[in-house]
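Throughout, numbering of the chain's residues begins at 1 and tracks the sequence. As the structure lists them, so they are numbered: ligands from 1, and atoms in each ligand from 1.
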Amino acid sequence: MKKISLPRLREMKGGGEPITMITAYSAWQARLVEEAGAEMILVGDSLGMVEKGFSGTLPVTMDVMVDACAAVCRGASAPFIVGDMPFLSYEVDRPQAIANAGRLVKEAAVDAVKLEGGRERAGTIEAIVGAGMAVVAHIGLTPQSATLLGGFRVQGKDLEGARRLLDDARAVEAAGACAVVLECVPAPLARLVTNRLSIPTIGIGAGAGCDGQVLVFHDILGLYGDFRPRFVKRYADGGRILREGLTAFVDDVRRGTFPDDDHAFGLDEAVLEELDRS
Ligand code: KIV
């Protein structure tokens with residue numbers, strides 16, 4: 001697959017071609033996502049939960065994100081790769097936001113960074129874009145500030161909330177964002193926002209009217225926990241398949257059936273006899 005560029009993503013929006021984005025956090029995951037044909041990879045701060053065992057995304061640090069983004073960029077070459085800016089890596093001030101975005105671009109080689117927030121982040125988006133980097137915005141349910149939003153709930157359900165979301169979408173587009181993730185937004189509102197914007201919208205829990213869809217790698221493959229939000233569709237029971245493989249190995253070792261001769265190295269009889277004599 002040819003490297004996916006921003007003009008290609010805009011062309012896909014223009015032509016009504018659905019864009020697929022899948023998260024990845026390591027080189028092997030990125031390789032699988034690329035082989036599946038996804039146009040975009042998101043190195044999400046969801047890594048804090050699905051890979052690092054935290055109960056949320058807030059503890060994720062810049063160093064962890066740089067390391068994961070670099071691994072993903074080594075594992076896949078064609079998809080457009082977006083690296084998440086973790087909590088408090090862009091909120092304090094704009095110079096720090098530029099410097100941290102720059103780490104993901106310079107040290108890891110991502111194509112764009114993603115940050116959460118609408119109107120209140122427009123200045124930050126403008127500053128990062130002004131420094132020469134592409135920014136994907138993330139509005140609607142923004143997990144890093146879920147406490148302020150009253151928890152993990154659908155956003156923009158009443159007229160005031162829907163207007164706010166539309167204003168946020170317009171603000172991040174005007175600030176120079178190259179795409180926007182819409183998370184947990186009523187499907188008709190996401191469709192309306194998508195029609196009003198010239199940049200691609202990527203939905204998660206936002207219905208079929210977005211330009212693209214994103215899901216978390218572990219959620220698609222059944223690799224993370226038992227809780228499944230309504231918008232997640234599980235396409236494989238990866239946890240069961242992996243567990244069966246691991247259990248079979250443990251059983252083989254316990255029974256003494258691994259390793260067999262096919263999985264071991266032999267030694268010349270003469271060498272063995274000589275050793276026995278000494
Ligand atoms: O961190 C993440 O994986 C995300 C997606 C859920 C959009 O931000």
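- When non-hydrogen atoms are compared, ligand 1 lies under 4.0 Å from the side chain of D84 (C-beta onward) but not from its backbone.
- Within ligand 1, the atoms closer than 4.0 Å to a non-hydrogen atom of D45 are 1 (O), numbered from 1 in the order shown.
- Scanning the protein heavy atoms around atom 3 (O) of ligand 1, the nearest turns out to be S46 OG, 2.5 Å.
- Among all non-hydrogen protein atoms, the one lying nearest atom 8 (O) of ligand 1 is K114 NZ, 3.0 Å.
- With ligand atoms numbered from 1 in the order given, ligand 1 contributes 6 (C) to contacts under 4.0 Å with heavy atoms of I204.
- Residue V60 is not grouped with residue L58 when hydrophobic side chains (ILVMFWY) are merged at heavy-atom distances under 4.5 angstrom, including chains of intermediate members.
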Between E34 and R31, does a salt bridge (charged side-chain N to carboxylate O under 4.0 Å, His left out) hold up when you go through it step by step? CA-CA 5 Å; E34 175 168 32; R31 194 162 49 246; over 6 Å; no

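- At the top of the distance list for atom 4 (C) of ligand 1, counting protein heavy atoms only, stands L42 CD2, 3.5 Å.
- Ring-centre distance between F258 and F249: below the 6.0 Å cut-off.
- Taking 4.0 Å as the cut-off between side-chain N and carboxylate O, E274 and R277 count as a salt-bridged pair.
- When each atom of ligand 1 is checked for a heavy atom of G44 under 4.0 Å away, the hits are 1 (O), 2 (C), 3 (O).
- Taking a cutoff of 4.0 Å between a charged side-chain nitrogen and a carboxylate oxygen, D219 and K233 do not qualify as a salt bridge.
- A salt bridge is absent between E160 and R163: the closest approach of a Lys/Arg side-chain nitrogen to an acidic carboxylate oxygen does not fall below 4.0 angstrom.
- Using a 4.0 Å cut-off between charged nitrogen and carboxylate oxygen, R121 and E126 do not count as a salt-bridge pair.
- Annotation for ligand 1: atoms under 4.0 Å from non-hydrogen atoms of T23 are 3 (O).
- The closest approach between any non-hydrogen atom of M21 and ligand 1 is not below 4.0 Å.
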